**Student:** 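Structure provided below as structure tokens; questions to follow.
Just follow the structure's listing: the first ligand is 1, and inside any ligand the first atom is 1. Here the structure is a predicted model, which means the values were calculated and not measured. We use all heavy atoms of the structure for the numbers below, so side chains are in, but hydrogens, waters and symmetry mates are not.
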Amino acid sequence: MRILGIETSCDETAAAVVENGRKVICEAVYSQIPDHACYGGVVPEIASRSHAEKLPVIVPQVLREAMSEVDAVAVTYGPGLVGALVTGIAFAKGLAYALQRPLIGVDHIAGHIASLYLTHKDLKPPFVCLIASGGHTEIVYVAAYDTMYILGSTRDDACGEAIDKVARRLGLPYPGGPHLEKLALEGDPHAYDFPVSFRGQDHLDFSFSGPKTAVVNLLGRLDNPDQEGADIAASFLRTVTAVLTENTAKACERVGVKNVCLAGGVSANRQLRRAMQQMADAHGLHLYLPDLRYCGDNGAMIASAAYYTPSGPTGLPLFLNANPGADLDEYRPQ
Ligand code: KG4
Ligand code: ZN
């Protein structure tokens with residue numbers, strides 16, 4: 001079965017055709033970073049307009065490259081920016097109707113999880129997946145392809161959001177994650193200790209606004225903040241990766257699985273990938289990391305997740321709606 005996946009939940013306009021959830025036939029991603037860079041962050045209105053411009057370019061391109069018909073059209077319905085989601089859904093509805101193909105609505109987080117299926121053809125549930133991105137930080141227990149439970153999530157900033165804000169305060173360009181990673185390589189990760197909430201508590205939730213605010217306060221106190229940038233970046237990343245890996249290890253122990261995965265934009269970070277490997281080795285777990293090209297938002301992960309989605313085709317494409325606050329609810333058994 002070949003599915004066309006369309007992703008427009010934030011600042012990437014992406015499309016791909018994937019066969020049976022695992023094999024990428026062709027793909028295209030247009031990154032809107034140049035459109036938002038001068039504002040220092042994503043401007044929702046610009047994101048929606050840019051998706052509307054780029055979808056009619058990249059979707060026909062991908063369909064041409066696929067060189068065969070698709071069996072269904074899939075699109076992200078949430079979570080994400082509502083205007084950006086609506087743009088993708090309206091386009092997908094029109095296309096599904098014109099092609100007379102079923103439309104499949106996909107949860108963006110399930111998409112990030114499916115990026116592992118594209119990278120590791122042998123990976124099957126059950127496993128625990130840490131999703132670390134600009135908009136989300138969640139530990140998900142993937143009990144089966146159609147059954148998932150959120151074991152822990154952030155109570156304030158997503159880790160990518162906190163990373164981007166710290167990077168911005170250090171004068172780095174948007175999006176800050178990759179720049180902070182580079183700067184941190186030159187610094188001492190033990191130069192500073194930033195406070196972390198919830199350590200030692202029973203739940204698996206996160207809070208990243210505390211360490212972020214601690215960095216901002218520290219920068220305000222320093223005489224020459226520029227000289228300390230690398231040490232601050234390295235120490236902040238150490239703090240964030242430590243709490244992410246600790247909670248993921250606890251989650252694996254709780255549900256008793258031996259397979260652990262990492263996904264989402266921040267999974268491109270080498271420090272986090274290394275820390276996850278160390279954690280997995282220390283706990284006797286097998287770690288699955290996504291290919292770098294599938295860490296950020298892309299259409300292939302949406303097409304893959306659509307293949308495994310529990311709700312299946314909506315049948316009547318006109319009924320699908322955006323849900324900016326979607327939280328894998330369709331994956332919980334009723
Ligand atoms: O998954 P994604 O593309 O979009 C959302 O669903 O949010 O994640 C984007 C986030 C941004 O915060 C970006 O700075 C971060 O991923 N990111 C990184 C790296 N590459 C991207 N953070 C740290 N290190 C990186 N190398
Ligand atoms: Zn994402």
**Student:** Taking only non-hydrogen atoms of His108, do any sit less than 4.0 angstrom from ligand 1?
**Tutor:**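 Per 4.0 Å heavy-atom rule, His108 contacts ligand 1.
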**Student:** Do any N or O atoms from the side chain of Ser133 and from the backbone of His136 form a donor-acceptor pair under 3.5 angstrom?
**Tutor:**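 Such a contact is found between Ser133 side chain and His136 backbone.
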**Student:** Is Pro175 in polar range of ligand 1, meaning some N or O pair under 3.5 Å apart?
**Tutor:**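 Between Pro175 and ligand 1, no N or O pair is found under 3.5 Å apart.
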**Student:** Please check whether Gly134 reaches ligand 1 - meaning an N/O of the residue sits under 3.5 Å from an N/O of the ligand, judged on distance alone.
**Tutor:**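 Yes: some nitrogen or oxygen of Gly134 is under 3.5 Å from one in ligand 1.
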**Student:** Please table the atom pairs, donor to acceptor, closer than 3.5 Å between any side-chain atom in residues 58-73 and protein atoms at least two apart or in another chain.
**Tutor:**
{"residue": "Ser68", "atom": "OG", "partner": "Arg2", "partner atom": "NH1", "Å": "2.8"}
{"residue": "Glu69", "atom": "OE1", "partner": "Arg101", "partner atom": "NH2", "Å": "2.8"}
{"residue": "Asp71", "atom": "OD2", "partner": "Arg2", "partner atom": "N", "Å": "2.7"}

**Student:** Could you check whether any heavy atom of Cys10 sits closer than 4.0 Å to an atom of ligand 1, since that is the contact criterion I want to use?
**Tutor:**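 Heavy atoms of Cys10 never come under 4.0 Å of ligand 1.
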**Student:** Nearest to atom 26 (N) of ligand 1, what protein heavy atom do you find, and at what distance?
**Tutor:**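 Sorting protein heavy atoms by distance from atom 26 (N) of ligand 1 puts Glu181 OE1, 2.6 Å first.
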**Student:** Keeping the roles fixed (side chain from Arg293, backbone from Asn298), state whether a donor-acceptor pair exists under 3.5 Å.
**Tutor:**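 Side chain of Arg293 to backbone of Asn298: no pair is present.
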**Student:** For Val42 versus His36, what's the shortest heavy-atom pair and its separation?
**Tutor:**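 Reported closest heavy-atom pair: CA-ND1, 3.6 Å.
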**Student:** So is Gly176 polar-close to ligand 1, meaning N/O to N/O under 3.5 Å?
**Tutor:**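 There is no such contact.
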**Student:** Geometry only, no angles: is Asn269 polar-contacting ligand 1 at N/O separations under 3.5 Å?
**Tutor:**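 Asn269 vs ligand 1: N/O contact under 3.5 Å present.
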**Student:** Just by distance, with hydrogens left out, do His112 and Asp297 show a side-chain donor and acceptor under 3.5 Å apart?
**Tutor:**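 There is such a pair between these side chains.
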**Student:** For residues Tyr307 and Tyr145, establish whether the separation of their ring centroids is below 6.0 Å.
**Tutor:**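 Ring-ring flag for Tyr307/Tyr145: false, centres at least 6.0 Å apart.
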**Student:** What residue and atom, counting heavy atoms only, is the protein's closest point to atom 15 (C) of ligand 1, and at what distance?
**Tutor:**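 Ranking protein heavy atoms by distance from atom 15 (C) of ligand 1, first comes Val266 CG2, 3.9 Å.
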**Student:** Where is the nearest protein heavy atom to atom 22 (N) of ligand 1: which residue, which atom, and how far?
**Tutor:**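 Checked against all protein heavy atoms, atom 22 (N) of ligand 1 sits closest to Gly177 CA, 3.4 Å.
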**Student:** Among all protein heavy atoms, pick out the one at the shortest distance from atom 12 (O) of ligand 1; state its residue, atom name and that distance to 0.1 Å.
**Tutor:**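 Atom 12 (O) of ligand 1 sits closest to the protein heavy atom Asp164 OD2, 2.7 Å.
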**Student:** Give yes if a backbone or side-chain nitrogen or oxygen of Gly135 is under 3.5 Å from a nitrogen or oxygen of ligand 1, and no if not.
**Tutor:**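 The answer is yes, given that Gly135 and ligand 1 share an N or O pair closer than 3.5 Å.
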**Student:** How many N, O or S atoms of the protein are nearer than 2.8 Å to the Zn ion (ligand 2)?
**Tutor:**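 For the Zn ion (ligand 2), the figure is 3.
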**Student:** Taking the side chain as everything from C-beta on, heavy atoms only, tell me whether Arg332 gets closer than 4.5 Å to Asp327.
**Tutor:**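 Yes, at least one pair of side-chain atoms sits under 4.5 Å.
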**Student:** Checking Gln277 side chain against Arg274 main chain: does a donor-acceptor pair fall under 3.5 Å?
**Tutor:**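 Not confirmed, Gln277 side chain does not pair with Arg274 backbone.
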**Student:** Of all the non-hydrogen atoms in the protein, which one sits nearest to atom 4 (O) of ligand 1, and at what distance?
**Tutor:**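 For this ligand atom, the closest protein heavy atom is Asp297 OD2, 3.4 Å.
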**Student:** Quick one: side chains of residues 264-273, donor-acceptor pairs under 3.5 Å with protein atoms, not counting sequence neighbours, listed by atom name and distance.
**Tutor:**
{"residue": "Ser267", "atom": "OG", "partner": "Gly264", "partner atom": "O", "Å": "2.4"}
{"residue": "Asn269", "atom": "OD1", "partner": "Gln271", "partner atom": "N", "Å": "3.0"}
{"residue": "Asn269", "atom": "OD1", "partner": "Leu272", "partner atom": "N", "Å": "2.9"}
{"residue": "Arg270", "atom": "NE", "partner": "Glu181", "partner atom": "OE2", "Å": "2.5"}
{"residue": "Arg270", "atom": "NH2", "partner": "Glu181", "partner atom": "OE2", "Å": "3.0"}
{"residue": "Arg273", "atom": "NH1", "partner": "Ser267", "partner atom": "O", "Å": "2.8"}
{"residue": "Arg273", "atom": "NH1", "partner": "Pro290", "partner atom": "O", "Å": "3.3"}
{"residue": "Arg273", "atom": "NH2", "partner": "Pro290", "partner atom": "O", "Å": "2.8"}

**Student:** So which heavy atom in the protein is nearest atom 1 (O) of ligand 1, and how far is it from that ligand atom?
**Tutor:**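 Going atom by atom, the protein heavy atom closest to atom 1 (O) of ligand 1 ends up being Gly265 N, 3.0 Å.
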**Student:** Answer yes or no: is there a side-chain heavy-atom contact under 4.5 Å between Val86 and Ser48?
**Tutor:**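 Sidechains of Ser48 and Val86: no contact.
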**Student:** Taking the side chain from Gln100 and the backbone from Tyr97, do they hold a donor-acceptor pair closer than 3.5 Å?
**Tutor:**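 Checked: pair present.
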**Student:** With nothing but distance in play, are any N or O atoms of Gly296 less than 3.5 Å from an N or O of ligand 1?
**Tutor:**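 Looking only at distances, the answer is no, because the N/O contact criterion of under 3.5 Å is not met.
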**Student:** Parallel under 30°, tilted from 30 to 60°, perpendicular over 60°: which one fits the rings of Phe236 and Phe194?
**Tutor:**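 The rings of Phe236 and Phe194 stand perpendicular, inter-plane angle above 60°.
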**Student:** Answer with yes or no whether His112 contacts ligand 1, where contact means a heavy atom under 4.0 Å from a ligand atom.
**Tutor:**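 Yes, His112 has heavy atoms under 4.0 Å from ligand 1.
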**Student:** Name the atoms and distances for all side-chain donor-acceptor pairs under 3.5 Å in residues 205-216, with sequence neighbours left out.
**Tutor:**
{"residue": "Asp205", "atom": "OD1", "partner": "Ser153", "partner atom": "N", "Å": "2.9"}
{"residue": "Asp205", "atom": "OD2", "partner": "Arg155", "partner atom": "NE", "Å": "2.9"}
{"residue": "Asp205", "atom": "OD2", "partner": "Arg155", "partner atom": "NH2", "Å": "3.1"}
{"residue": "Ser207", "atom": "OG", "partner": "Asp156", "partner atom": "OD2", "Å": "2.7"}
{"residue": "Ser209", "atom": "OG", "partner": "Asp156", "partner atom": "OD2", "Å": "3.2"}
{"residue": "Lys212", "atom": "NZ", "partner": "Asp157", "partner atom": "OD2", "Å": "2.7"}
{"residue": "Thr213", "atom": "OG1", "partner": "Ser209", "partner atom": "O", "Å": "2.7"}

